[in-house]
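Residues: numbered from 1 along the sequence shown.
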Amino acid sequence: MQIFISWSGDPSKECAEALRDWLPLMNQTIVPFVSSQDISKGERGLAKIASQLQACSFGIVCVTRENQAAPWINFEAGALSRELGESSLIPFLLDMPIKDIAGPLSQFQGTDSSSEDDVWGMVKSINEKCESSVEQDRLRKTFGAFWSELSDNLMRIRSARTSEESVPGRDASDILNELVGLVREQSSRIGVMEGAIRSSRNVTSNYTITDPREVHISSEVEDPELLARRINAVVRKVRDLIGRQMVLNVRKTGYGVRFECDPQCLQGIRDVEDKLQALAARYAIGLDFACGSEHLVFPPF
């Protein structure tokens, strides 16, 4: 079973990497994905993350006091909950009790990483969802044998974080002034980007973290015939790039076009991925390639 482990910030990343190494010890069919470790040099990061979000059967979000409101970690949590459902997404709390979690992540059943019983419950839930689950008595013995390894790693991460926080910081007024400047700068940049997008494509995003099912991109004024022409043009160009005989089926999706391809053309798609990404951006149409068990996604941006 594939598990997507989400993180934001250095302590959260170290926690995700510790889980990545430890979880397969519980059940050998577990295959964790952590972006800091599992995206090779030269791979398109966003495309790999998008394909993994679709392929994974379970999600873990490594949460700290600092990152629980981070936009990226809440975006991945929303995408995971849309794909998997709330019962298959677990916030894994590194340095805070469950009662302190706030915001969108509070709707999910969290796991206190300092509690052996809580982590055991998470392991049991993951094992039950595996296609080949381990008998519970044997799983309990394995967990008991390796719990200290994970616990010691998490304690080291917490201790390092505590040591950093004990160093005297800057004056509070300086920090607030810097934050105000950064917020203004980011707001200005976002405003420019949104204006450019509206003027060129009239595209609006209706992403809502509290209701992930509403995630979609829509065009309010585009003529359906013009959209159909763009889709047909993209399909023709894709067939020319990867070989017409390799495309077994084509269908329109809510975000673009899905191509069901012969698994043998997977390498051919990777060889022209820059051209495919350029096509997706040029025509503002997402491209999704299903090659057997492998998925490659090229978003329209």
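The cluster map of Ile, Leu, Val, Met, Phe, Trp and Tyr, joined by side-chain heavy atoms under 4.5 Å apart, puts Val257 and Met246 in different clusters. Phe58 and Val31 fall into different hydrophobic clusters, where Ile, Leu, Val, Met, Phe, Trp and Tyr residues are linked whenever their side-chain heavy atoms come under 4.5 Å apart, directly or through other members. Under the 4.5 Å side-chain heavy-atom criterion for Ile, Leu, Val, Met, Phe, Trp and Tyr, Val250 and Val272 are members of the same hydrophobic cluster.
At least one donor-acceptor pair under 3.5 Å links the side chain of Ser12 to the backbone N or O of Ser8. For Trp22 (side chain) and Phe146 (main-chain N/O), a donor-acceptor pair under 3.5 Å exists by modelled atom type. Glu128 places no side-chain N or O within 3.5 Å of a backbone atom of Ser133 that could act as its donor or acceptor partner. Judged by distance alone, the side chain of Asn67 and the main-chain N or O of Thr64 form a donor-acceptor pair under 3.5 Å. Here the side chain of Asp288 pairs no donor or acceptor atom with the backbone of Arg258 at under 3.5 angstrom. Without hydrogens or angle criteria, Thr142 side chain to Arg138 main chain gives a donor-acceptor distance under 3.5 Å.
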Open item on the list: If you apply the rule side-chain hydrogen bond (donor to acceptor under 3.5 Å, both in side chains), what do you find for Trp120 with Ser115, and how did you get there?
Closed with: CA-CA 9 Å; Trp120 164 240; Ser115 166; over 6 Å; no
- [ ] Start with the C-alpha gap between Ile269 and Cys291, add the side-chain angles, then the distance that decides, and say whether side-chain contact (heavy atoms from CB on, under 4.5 Å) holds.
- [x] CA-CA 10 Å; Ile269 294 174; Cys291 305; 3.5 Å; yes
Task: Verdict with reasoning, Ile231 to Ile285, per side-chain contact (heavy atoms from CB on, under 4.5 Å) - done: CA-CA 7 Å; Ile231 290 175; Ile285 293 175; 3.6 Å; yes
- [ ] Report the C-alpha separation of Val238 and Leu279 in whole Å, then their side-chain angles, then the decisive distance to 0.1 Å, and conclude whether the side-chain contact (heavy atoms from CB on, under 4.5 Å) test is met.
- [x] CA-CA 8 Å; Val238 168; Leu279 272 179; 4.2 Å; yes
Open item on the list: Applying side-chain contact (heavy atoms from CB on, under 4.5 Å) to Met1 and Asn127, what does each step give before you reach the verdict?
Closed with: CA-CA 9 Å; Met1 179 179 69; Asn127 182 63; over 6 Å; no
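Dense packing is recorded around CD of Gln245, with more than 12 heavy atoms of other residues, nucleotides or ligands lying under 6.0 Å away. In this structure, Gln28 places its CD atom where only 12 or fewer heavy-atom neighbours from other residues, nucleotides or ligands lie under 6.0 Å away. Around atom CD of Glu135, more than 12 heavy atoms belonging to other residues, nucleotides or ligands sit under 6.0 Å away.
Side-chain atoms of Arg158 and Ser113 include a donor-acceptor pair closer than 3.5 Å. Asn153 and Glu149 share no donor-acceptor pair across their side chains, judged by distance under 3.5 Å alone.
The closest side-chain heavy-atom distance from Pro299 to Gln277 is below 4.5 Å. Asp118 has its side chain within reach of Ile98: a pair of non-hydrogen atoms, C-beta onward, lies under 4.5 Å apart. Side-chain contact between Asn232 and Arg229 is absent, with no heavy-atom pair separated by less than 4.5 Å. Residues Pro24 and Pro32 form a side-chain contact, since some pair of their non-hydrogen atoms from C-beta on lies under 4.5 Å apart. Taking 4.5 Å as the limit, some side-chain heavy atom of Lys252 sits within range of a side-chain heavy atom of Leu227. Taking the side chain as every heavy atom from C-beta outward, Leu266 and Leu296 approach each other to under 4.5 Å. Taking 4.5 Å as the limit, some side-chain heavy atom of Ile242 sits within range of a side-chain heavy atom of Cys261. Between Arg65 and Asp100 there is a side-chain heavy-atom pair separated by less than 4.5 Å.
Checked options Val63, Ile90, Ile60, Val123; the residue passing with Thr111 is Ile90 (criterion: side chain to side chain contact (heavy atoms under 4.5 Å, CB included)).
With rounding to the nearest 0.5 angstrom, the CZ atom of Phe92 is 13.5 Å from the OG atom of Ser6.
Taking a cutoff of 4.0 Å between a charged side-chain nitrogen and a carboxylate oxygen, Arg20 and Glu14 do not qualify as a salt bridge.
Classification of the Phe259-Phe289 ring pair by plane angle, with boundaries at 30° and 60°, yields parallel.
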